[in-house]
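Since the structure comes first, as structure tokens, the remarks are kept for the end.
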Protein chains: 2
Amino acid sequence: MENQTQKKKVPHMTITRLAQYLNCLSLLPREHYKEISSKELAEKIGLKPTVIRQDFHHFGGFGQAGYRYKVTNLIEGLERILGLDQKQNLIIIGVGHLGQALANYRNFDKLGLRLVGLFDVNPRLIGITIRDVRVRDIDEVPTVVERENVHIGIITTPADSAQSTANLLIESGVKGIWNFSPMNVTGPSGIIIQNEHLSIGMMTLSYQLKQMLPPLSASSEY
Amino acid sequence: MENQTQKKKVPHMTITRLAQYLNCLSLLPREHYKEISSKELAEKIGLKPTVIRQDFHHFGGFGQAGYRYKVTNLIEGLERILGLDQKQNLIIIGVGHLGQALANYRNFDKLGLRLVGLFDVNPRLIGITIRDVRVRDIDEVPTVVERENVHIGIITTPADSAQSTANLLIESGVKGIWNFSPMNVTGPSGIIIQNEHLSIGMMTLSYQLKQMLPPLSASSEY
DNA sequence: TATTTTATGTTATAATATTAACAGGGGAGG
DNA sequence: CCTCCCCTGTTAATATTATAACATAAAATA
């Protein structure tokens with residue numbers, strides 16, 4: 001569209017699905033899939049074709065009537081929309097099990113993200129190296145954020161230090177926070193904060209299981 | 001697709017939020033919060049009070065008009081709705097970094113979940129012990145699922161073996177799958193499958209950042 | 001070349017979710 | 001006891017999202 005600041009609001013679910021499309025497209029073998037139809041893509045993800053076409057329509061569409069979508073064209077467009085064409089530097093605070101798992105996450109490269117810092121308060125962790133990145137003391141966060149022009153910070157600390165960590169990140173100049181601690185963190189408007197609670201996924205799974213499985217005993221009370 | 005155990009269908013977003021409420025409530029100090037109002041809880045999560053009351057209304061409400069909600073009552077009710085009151089056994093397949101991180105996830109206990117098995121194909125991992133659970137060969141999955149009455153399986157394998165792993169789990173008798181591999185997995189109806197793609201959270205964050213940050217160059221073309 | 005098929009972009013309709021408005025219940029304070 | 005205020009449960013209205021329907025364009029086929 002005409003305006004990059006985006007006049008009409010794109011539904012949040014659409015953005016989530018665009019990410020799904022991109023993820024799916026980047027995984028399928030390129031030689032067999034030079035082109036793909038909305039029907040094919042929808043089948044792979046478990047949606048209806050109209051959803052995909054409607055999502056694309058928010059951005060003017062990616063093909064032309066009659067043709068199928070060109071996969072490379074699609075991927076490039078999605079990456080541009082999602083902002084993945086501009087490389088970003090990020091840091092991780094909290095080098096516990098989850099922090100280490102994320103530090104080893106290969107897909108960061110594909111997303112245009114570069115891990116430039118790992119931080120913790122635990123002296124036993126400070127100094128070790130994970131994928132060529134050395135773990136530093138948390139006091140060094142402001143320095144690294146400024147020097148490396150870091151825009152994104154990932155929080156994998158325990159719950160009770162999540163908010164203080166977020167504050168530190170924000171003061172240091174980080175613009176987006178991806179929080180994996182169980183506690184919600186908040187910040188001033190202008191800072192993008194994504195709280196990613198793993199337990200919520202588990203709970204919704206549990207709920208659906210309960211609906212599906214026969215109740216063990218026809219309990220009298222609610 | 002209608003569910004006979006459920007008269008009126010509860011919106012999916014409501015279930016997600018119920019999980020958020022429970023997570024938030026379980027984290028706040030019990031002595032200071034014996035009771036809580038919809039307004040207070042909404043503030044903590046960043047919602048409006050009416051959302052919470054509407055969500056609760058799908059289940060008949062948790063308090064009575066005039067009173068505030070009793071926290072213990074609320075927690076018990078949410079746990080019952082989400083099916084967390086019934087203990088479940090689960091296994092993890094794929095003991096890479098993410099699998100190990102999940103194996104060490106303390107919150108499983110709070111969710112009524114018990115890790116009873118770890119599996120991998122890598123001989124170098126088979127035999128090691130994480131939190132008193134020994135890593136077994138993937139061939140032993142059917143045996144353990146049956147013996148331990150496992151209902152939930154977590155997939156943390158690479159993308160190319162995700163679907164085959166899901167098939168194995170389903171054939172073994174698992175009823176719910178929590179898939180962390182980047183590739184969507186599918187199964188027959190009756191099996192609950194939750195695909196949890198971490199990269200999607202990162203991409204939506206990237207998108208929002210792009211909307212917020214000033215465009216580096218006023219590029220002519222979209 | 002005419003026609004059928006398949007595909008996308010667009011518009012219109014149906015379904016769903018959010019938000020607001022309202023109706024009572026209980027406690028505090030005069 | 002009465003009034004005021006705050007609270008929840010419920011219903012109604014609004015806004016948003018998903019689905020279906022349609023118009024059009026290209027390729028394939030006869």
Side-chain angles (χ1 to χ4, degrees), chain A residues 1-2 6-21 25 33-78 81 200 204 207 222, chain B residues 1-3 6-21 25 33-78 81 204 207 222:
Chain A
M1 316 253 309
E2 58 287 352
Q6 192 100 20
K7 288 195 155 142
K8 31 186 181 177
K9 193 183 64 183
V10 178
H12 184 256
M13 285 307 294
T14 291
I15 301 303
T16 298
R17 282 192 300 256
L18 291 185
Q20 266 193 285
Y21 306 153
L25 290 169
Y33 282 96
K34 290 188 73 67
E35 299 178 337
I36 195 169
S37 68
S38 59
K39 189 180 172 188
E40 288 173 285
L41 182 56
E43 248 170 34
K44 287 191 181 300
I45 306 189
L47 298 170
K48 301 191 176 177
T50 51
V51 178
I52 295 179
R53 293 210 300 279
Q54 183 75 292
D55 284 340
F56 289 173
H57 180 242
H58 286 110
F59 300 92
F62 285 95
Q64 58 177 296
Y67 283 121
R68 303 158 80 204
Y69 300 107
K70 295 202 175 81
V71 174
T72 56
N73 185 21
L74 214 48
I75 289 178
E76 280 174 20
L78 290 172
I81 289 174
I200 287 177
T204 60
Y207 172 81
Y222 167 113
Chain B
M1 185 105 172
E2 60 276 4
N3 218 331
Q6 187 126 355
K7 285 168 188 159
K8 26 185 181 177
K9 194 180 52 186
V10 177
H12 184 255
M13 286 306 295
T14 292
I15 301 303
T16 298
R17 282 192 299 257
L18 291 185
Q20 265 192 286
Y21 304 154
L25 289 170
Y33 282 96
K34 291 188 71 68
E35 298 177 338
I36 195 169
S37 68
S38 59
K39 188 179 172 190
E40 287 173 287
L41 181 56
E43 249 171 33
K44 288 192 180 301
I45 305 189
L47 298 170
K48 300 190 178 180
T50 51
V51 178
I52 295 179
R53 293 210 301 277
Q54 183 73 292
D55 284 340
F56 288 173
H57 179 241
H58 287 110
F59 301 91
F62 285 96
Q64 57 176 301
Y67 285 119
R68 305 157 79 202
Y69 300 108
K70 295 201 175 84
V71 173
T72 56
N73 184 22
L74 214 48
I75 289 179
E76 281 174 19
L78 290 172
I81 289 175
T204 59
Y207 172 81
Y222 154 36

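Just so it is clear: chains get the letters A, B, ... in the order the sequence lines come, proteins before strands, and each one is counted from 1. These numbers were taken from a predicted model, which means no experiment stands behind them.
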Rounded to whole Å, the OH-P distance (B/Y67 to C/dG26) equals 6 Å
To the nearest angstrom, the OH-P distance between A/Y69 and C/dT6 comes to 17 Å
By nearest-heavy-atom nucleotide on DNA chain D, the more 5' of B/E40 and A/P11 is B/E40
- Query: Is there a side-chain contact between B/Y207 and A/V10 (heavy atoms, below 4.5 Å)?
  - Reply: yes
Practice problem: Decide yes or no for A/M13 and A/R17: does some side-chain heavy atom of the first lie under 4.5 Å from some side-chain heavy atom of the second? | Solution: yes
In whole angstroms, the gap separating C1' of C/dT19 from CZ of B/R17 amounts to 12 Å
Of the candidates C/dT8, C/dT11, C/dG26, the side chain of B/Q64 sits closest to C/dG26
Next item on the list: Tell me what A/K39 touches on the nucleic acid: a base, only sugar-phosphate, or nothing, going by heavy atoms under 4.0 Å.
Entry: nothing
Rounded to whole Å, NE2 of B/H57 lies from P of C/dA20 at a distance of 18 Å
Here the distance between atom P of C/dG9 and atom NE2 of A/H58, to the nearest Å, is 13 Å
Taken to the nearest whole Å, CZ/A/F59 to C1'/C/dT8 is 17 Å
- Side-chain donor or acceptor of A/Q54 under 3.5 Å from a matching atom on the base of C/dT10? no
Students should find that the nucleotides of DNA chain D closing off the region near chain A, any atom under 4.0 angstrom from a heavy atom, are D/dT17 to D/dA27
Test ring-ring contact (aromatic ring centres under 6.0 Å, His included), reference B/Y69, set B/F56, B/F62, B/Y21, output is B/F56
Mind checking if A/R53 touches a base, just sugar-phosphate, or nothing, with heavy atoms under 4.0 Å?
base
When rounded to whole Å, the CG to C1' distance for the pair B/L47 and C/dA20 reads 16 Å
Please classify the nucleic acid contact of A/S37 as base, sugar-phosphate, or nothing, using heavy-atom distances under 4.0 Å.
sugar-phosphate
Contacts of A/T50 and A/R68 projected onto DNA chain C by closest heavy atom; the upstream (5') one is A/R68
How would you label the contact of A/S38 with the nucleic acid (heavy atoms, under 4.0 Å): base, sugar-phosphate, or nothing?
sugar-phosphate
- Item | Check: A/L78 and A/I75 side chains under 4.5 Å, non-hydrogen atoms | no
With the side chain defined as heavy atoms from C-beta on, B/A65 is closest, among C/dG24, C/dT8, C/dT18, to C/dG24
